[in-house]
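I have placed the structure first, in the form of structure tokens, so that the comments after it can refer back to it.
Labels below follow one simple rule: chain letters A, B, ... track the order of the sequence lines, proteins then strands, and each chain is numbered from 1.
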Amino acid sequence: MPTRAPYPFAEIEPRWQKAWAEARCFRAAQPGEPGSERPKAYILDMFPYPSAAGLHVGHLEGYTATDIVARYRRMLGQNVLHPMGWDAFGLPAEQHAVQTGTHPRVTTATNIGNFRRQIQAMGFSYDWEREIDTTDPKYFRWTQWIFLKLYEKGLAYVAEAPVWYCPALGTVLANEEVLPTDEGPRSERGNHPVERRPMRQWMLRITAYAERLLQDLDLLEWPESLKEMQRNWIGKSEGAEVVFSVEGSGEKIPVYTTRPDTLFGATYLVLAPEHPLISSLTSPDRKAAVEKYVRESAAKSDLERTELAKKKTGVPIGATVVNPVHGEKIPVWVADYVLASYGTGAVMAVPAHDVRDFEFARENNLVVRKVIRPDSGPSPDCFTEDGINFDSGFLDGLKTAKAKAVISDWLEKNGHGRRQVRYKLRDWLFSRQRYWGEPFPIVWKGDRHEAIPEKDLPLTLPELADFQPMASGEPPLGKAEAWKKFPDGRVRELNTMPQWAGSCWYYLRFCDPGNDSRPWSPDAERYWMAGGGVDLYVGGAEHAVLHLLYARFWHKVLFDLNLVSHPEPFRRLVNQGIILGEDNRKMSKSLGNVVSPDEVIREHGADALRVFEMFLGPLEQMKPWSSKGMEGAVRFLSRVWRLVCEETDSGEWATSPALADTAPATETVRALAKATAKVTEDLEKIQFNTAISALMVLVNHLTGLEKRPKSAVLHLARLLCPFAPHLAEEVHARLGGNGLVSVAAWPTYRKEDLQEEAFELAVQVNSKLRGRLTVPSQATKEDVERLVRAHPDLASWTGGKPVQKMILVPRRLMNLIVE
RNA sequence: GCCCGGGUGGUGGAAUGGCAGACACAAGGGACUUAAAAUCCCUUGGGGAGAAAUCCCCGUGCGGGUUCGACCCCCGCCCCGGGCACCA
């Protein structure tokens with residue numbers, strides 16, 4: 001027989017959820033509506049993909065954090081936009097369709113229903129009237145519309161390029177969706193092997209925005225580590241292109257280098273095996289060896305080619321080039337340590353000042369020539385830092401920065417090269433050979449593509465019974481004969497957009513979700529995105545270079561089209577840390593350490609789950625689940641409950657006789673003021689673990705009182721509301737509070753109530769703690785010094801030695817320096 | 001290899017130049033109870049002295065430094081987590 005619940009959360013929680021829904025108290029006022037005159041706050045979660053597995057406690061951590069902030073801001077009197085929706089296109093539903101024949105729409109609807117139920121059971125204060133589903137034609141109509149804007153701007157194009165193809169998923173993937181693993185490159189979703197294949201694909205020209213995506217990171221209040229990840233991904237480098245002429249032919253080979261100052265030390269040149277000039281430049285006697293090498297390189301997996309431990313291989317091609325700076329002739333090699341996909345696919349090798357060139361030179365007995373020495377100290381065999389040039393003609397004696405400038409000027413003046421900025425960022429591979437995604441609003445007339453008219457949007461998916469990918473590599477949409485073919489012979493684009501498309505702009509749709517004539521009205525966008533966009537965005541760090549980079553890119557395009565009012569979408573971003581299983585390992589089905597929110601809510605209630613997840617530790621930190629800790633949260637909430645109710649002999653909850661209508665005593669006033677100050681401060685800083693700790697201190701104080709002033713408990717209810725809203729409502733109602741506490745004003749306190757009459761001053765002698773002393777709060781520095789000098793224990797503290805110096809830290813300590 | 005985080009009691013964590021360990025978990029003791037659960041109260045970093053109130057020593061990964069004073073700032077290491085990785 002189950003023991004009695006420590007407090008009746010199972011009855012309380014659904015009742016208040018219903019009351020909130022009926023009162024529509026979390027509705028955000030659109031600009032122009034009553035309520036919109038208040039300051040706005042846009043508090044956003046990364047909306048989930050509604051999986052079959054349901055929500056996990058990690059989702060709930062982020063959602064609880066934003067809900068706390070949203071509720072707090074609402075109580076501060078702000079007009080809060082706190083919406084939720086579904087990023088519902090994606091592979092899992094389609095894989096399920098392939099296996100079972102169930103239409104992805106059906107699976108998706110079921111999963112959304114389950115996610116919504118789980119989220120609502122937590123009592124989150126979302127404005128459900130703004131719910132979004134990216135698979136709804138009313139939504140993806142505008143995703144397609146935005147794609148057309150990109151298309152019109154020339155930012156969407158078709159290219160035949162080596163792309164990552166995943167045979168298991170039957171689709172191509174973006175660079176960002178491929179992860180390097182010990183077994184070679186794998187798909188981010190599903191961990192399937194992927195391979196390079198040349199294919200015709202839609203690309204988005206994100207590289208055109210590389211510099212702005214990099215620069216504008218400085219506008220953002222994001223974790224520094226995340227900004228750094230984006231910077232690395234964009235990978236800006238500044239250097240120069242240097243042109244080498246091939247001896248005995250008219251050919252020129254441009255190379256890209258970030259160290260043009262080392263040009264005097266270049267002793268050979270290396271081409272990537274895919275370099276287009278290889279076959280024409282190879283001398284007849286080297287032909288066989290070079291062709292063999294190129295063939296072998298092509299057969300190597302990417303892993304084999306990038307394996308660091310491996311020796312660098314390569315062969316000379318029998319050509320020489322001229323170093324433009326002094327006319328020296330140096331040999332040309334082909335080696336697969338040079339990447340075809342970066343720079344010009346060719347490098348000038350300076351073994352004395354580049355580790356890779358050095359390793360290769362040592363392997364192949366190539367000349368190593370030093371031209372840079374350190375500012376001081378001995379010169380290592382391979383010195384890659386900045387230093388001072390020597391044996392470098394007109395660069396001699398120059399420091400690296402200056403030498404780079406001088407040689408760049410020289411190259412430009414003499415027509416041997418130019419300054420150049422490069423980025424590692426590649427264009428975004430935007431098409432997928434899948435069914436369950438947005439169809440491209442594009443038709444093909446032979447080899448030429450064109451946009452379909454805006455008025456024909458949305459272009460919906462054709463009904464299919466068979467979702468199996470075709471062995472030919474043609475997308476599933478190819479099976480919809482009637483859909484794809486026009487009477488005039490034109491055919492539809494058969495690829496669909498990747499899952500990221502819908503999430504690239506959903507935060508804008510939330511501003512005006514019902515708009516049928518445009519994606520959002522300018523008024524709504526200006527209102528909700530004012531002040532730099534979304535005010536708080538919370539989600540997992542796994543989206544650092546995927547969603548967050550793509551969305552920033554689209555936003556900038558929209559900004560250039562005057563469709564949004566600020567260049568960045570998300571002003572402040574916080575990553576919630578992963579919640580590990582109780583065994584300190586990542587939660588996973590196979591380890592059997594997954595905690596189900598449904599079960600936790602049934603056993604302990606939603607408020608307890610909210611409080612516990614926030615009390616575990618700092619939001620950003622990785623932390624393990626603890627079922628004992630969970631019970632601690634329940635215990636805390638039931639202590640709050642028992643401030644108001646007492647259990648009778650018959651097991652009923654009756655109003656506690658300790659409650660009184662009296663005014664709170666000084667200590668209680670102080671306890672309330674302190675808790676209010678601390679909780680308010682911590683809410684602003686998103687430090688909820690310490691905020692809850694302050695609430696616990698207050699509850700412990702109130703529990704200890706013989707007579708509990710109702711006003712004090714009502715004050716507590718308001719402080720508690722963002723964290724445990726159901727219980728706060730119940731306590732508030734039982735004590736006769738007005739209306740809903742969820743929309744009550746955030747409590748305030750008087751500064752003077754924080755003051756104690758006296759405080760304990762620690763007394764140190766030569767920085768060692770020696771004693772304590774009670775000092776009245778209003779005591780001046782002189783008063784305190786007098787008190788210390790007059791203290792009977794002073795002589796024993798100092799060993800009778802004279803005090804030479806007194807260092808006072810107001811209200812904290814006094815350090816006496818003797819000897 | 002490079003770039004970010006981080007290392008504090010038995011555990012999760014507080015304290016970012018001023019009395020280390022708030023708050024909670026666990027543990028131990030007590031009250032209530034026929035008993036248990038629940039609840040309430042007390043103790044709880046380690047070591048030592050004392051009959052006791054108390055008092056002393058040590059202690060924030062390791063080694064140096066700055067400072068009246070360092071978990072906090074600086075230098076050099078070690079370990080853990082995350083990201084990037086032949087990008088010239």
Side-chain angles (χ1 to χ4, degrees), chain A residues 3-6 180 223-233 235-237 239 255-259 262 270 272 305-308 310 312 335-339 341-350 353-357 359-360 384 422-426 541-542 544-545 575 577-578 584 611-612 615-618 620-633 635-636 638-639 642 646-647 678 687 689-697 699-700 703-704 760-772 804-818:
Chain A
T3 50
R4 196 172 181 289
E224 202 45 50
S225 59
L226 199 148
K227 290 205 244 181
E228 203 55 33
M229 270 193 237
Q230 291 216 348
R231 286 191 193 105
N232 289 340
W233 190 261
K236 182 180 185 176
S237 74
V255 303
Y256 174 69
T257 176
T258 54
R259 292 297 300 271
T262 62
V270 192
R305 281 183 65 160
T306 59
E307 181 74 67
L308 273 177
K310 238 181 159 125
K312 292 184 173 27
D336 63 11
Y337 80 90
V338 173
L339 304 178
S341 56
Y342 185 77
T344 61
V347 302
M348 65 180 212
V350 186
H353 304 293
D354 181 284
V355 240
R356 298 151 303 184
D357 297 341
E359 284 170 18
F360 188 75
T384 58
R422 289 199 177 256
Y423 303 88
K424 283 198 274 181
L425 185 68
R426 292 287 108 92
E542 67 274 18
V545 290
N575 290 127
I578 301 167
N584 241 308
V611 165
F612 172 62
F615 187 65
L616 258 178
E620 303 83 351
Q621 200 168 300
M622 182 190 289
K623 40 206 177 290
W625 183 263
S626 154
S627 48
K628 281 292 181 189
M630 185 65 231
E631 286 170 34
R635 216 171 290 158
F636 163 63
S638 61
R639 280 165 74 93
R642 282 194 308 272
E646 198 177 75
E647 197 172 4
K678 178 69 177 155
Q687 292 175 1
N689 54 332
T690 48
I692 291 167
S693 145
L695 289 170
M696 287 172 168
V697 172
V699 170
N700 289 346
T703 301
E760 287 258 287
L761 184 81
V763 181
Q764 295 182 337
V765 174
N766 288 344
S767 308
K768 288 215 168 192
L769 185 66
R770 282 295 172 259
R772 275 167 239 276
Q804 292 173 342
K805 198 172 164 190
M806 293 175 125
I807 295 163
L808 179 68
V809 181
R811 309 187 62 83
R812 287 185 181 272
L813 66 75
M814 166 78 86
N815 192 3
L816 307 175
I817 309 303
V818 302

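Atom CE in A:Met806 sits roughly 18 Å away from atom P in B:C68 (whole-Å rounding). Nucleotide B:G1 holds its P atom 21 Å from the OH atom of A:Tyr337, rounded to whole Å. Between the C1' atom of B:G18 and the CD atom of A:Glu760 lies a distance of 16 Å, rounded to the nearest Å. One interatomic measurement links the two molecules: OH of A:Tyr423 to C1' of B:C84, which rounds to 19 Å at whole-angstrom precision. A:Ile692 has its CD1 atom 10 Å from the C1' atom of B:C23, to the nearest Å. Per the geometry, CD belonging to A:Gln687 stands 14 Å off C1' belonging to B:A22, to the nearest Å. Between A:Lys768 atom NZ and B:C55 atom P the separation is 16 Å, expressed in whole Å. Here B:G18 presents its P atom at 7 Å from CZ of A:Arg812, a figure rounded to the nearest Å.
Within 4.0 Å of A:Ser693, counting heavy atoms only, lies at least one base atom of the nucleic acid. Base contact: A:Val347 has a heavy atom under 4.0 Å from a base atom. Residue-level contact check: A:Pro223 touches neither bases nor backbone, having no heavy atom under 4.0 Å from any strand. At a threshold of 4.0 angstrom between heavy atoms, the contacts of A:Ile807 include nucleobase atoms, whether or not backbone atoms are also involved.
The side chain of A:Leu813 has B:G18 as its nearest neighbour among B:A26, B:G18, B:G12. Taking only side-chain atoms of A:Thr690, from C-beta outward, the nucleotide of B:A14, B:C23, B:C25 with the closest atom is B:A14. Checking B:A24, B:C57, B:G13 against the side-chain heavy atoms of A:Arg770 singles out B:C57 as nearest. Set against B:A88, B:A14, B:C4, the side chain of A:Ser225 has B:C4 as its closest nucleotide.
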Could you go step by step and tell me if A:Tyr337 and A:Glu359 meet the side-chain contact (heavy atoms from CB on, under 4.5 Å) rule? CA-CA 11 Å; A:Tyr337 80 90; A:Glu359 284 170 18; over 6 Å; no

A:Asn766 vs A:Leu816, test: side-chain contact (heavy atoms from CB on, under 4.5 Å). Steps then yes/no. CA-CA 6 Å; A:Asn766 288 344; A:Leu816 307 175; over 6 Å; no

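Contact check, A:Ser237 against B:A88: a side-chain N or O comes under 4.0 Å of OP1 or OP2. OP1 or OP2 of B:A88 sits under 4.0 Å from a side-chain N or O of A:Tyr342. The side chain of A:Lys623 places no N or O atom within less than 4.0 Å of a non-bridging phosphate oxygen (OP1 or OP2) of B:G12. Proximity of A:Gln621 to the phosphate of B:G6: no side-chain N or O atom is located under 4.0 Å from OP1 or OP2. Neither OP1 nor OP2 of B:C86 sits under 4.0 Å from any side-chain N or O of A:Lys424.
The pairing partner recorded for B:A14 is none, the criterion being a Watson-Crick or G-U wobble arrangement whose two distances lie under 3.5 angstrom. With a cut-off of 3.5 Å on both Watson-Crick or G-U wobble distances, the partner of B:A27 is given as B:U43. The base-pairing partner of B:C2, taking Watson-Crick or G-U wobble contacts with both distances under 3.5 Å, is B:G83. Using the Watson-Crick or G-U wobble rule with both distances under 3.5 Å, B:G21 pairs with nothing in any strand shown. Using Watson-Crick or G-U wobble geometry with both donor-acceptor distances under 3.5 Å, B:G9 finds no partner in any strand shown. Across the strands present, B:C73 finds its partner in B:G65; the criterion is a Watson-Crick or G-U wobble pair with both atom distances under 3.5 angstrom. Across all strands shown, B:A53 forms no Watson-Crick or G-U wobble pair with both distances under 3.5 Å.
With rounding to the nearest 0.5 Å, the separation of OG1 in A:Thr344 from CZ in A:Arg422 is 6.5 Å. Residue A:Leu616 holds its CG atom at 9.0 Å from CG of A:Asn689, rounded to the nearest 0.5 Å.
Of the residues near RNA chain B, A:Ala694 and A:Asn689, the one whose nearest nucleotide (by heavy atom distance) lies more toward the 5' end is A:Asn689. Two residues, A:Arg259 and A:Gly632, neighbour RNA chain B, and the one matched to the more 5' nucleotide by heavy-atom proximity is A:Gly632.
In this structure B:G5 sits in the anti conformation; its chi angle is more than 90° from 0.
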Mind listing the N/O atom pairs, protein and nucleotides 40-48 of chain B, below 3.5 Å?
| residue | atom | partner | partner atom | Å |
| --- | --- | --- | --- | --- |
| B:C40 | OP1 | A:Arg639 | NH1 | 3.0 |
| B:C40 | OP1 | A:Arg642 | NH2 | 3.1 |

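Looking at A:Asn815, its side chain comes within 3.5 Å of the base of B:C68 through a donor and an acceptor atom.
By the 30° and 60° cut-offs, the orientation of the rings of A:Trp625 relative to A:Phe612 is perpendicular.
A distance of about 8 Å separates the C1' atoms of B:G17 and B:G69, rounded to the whole Å.
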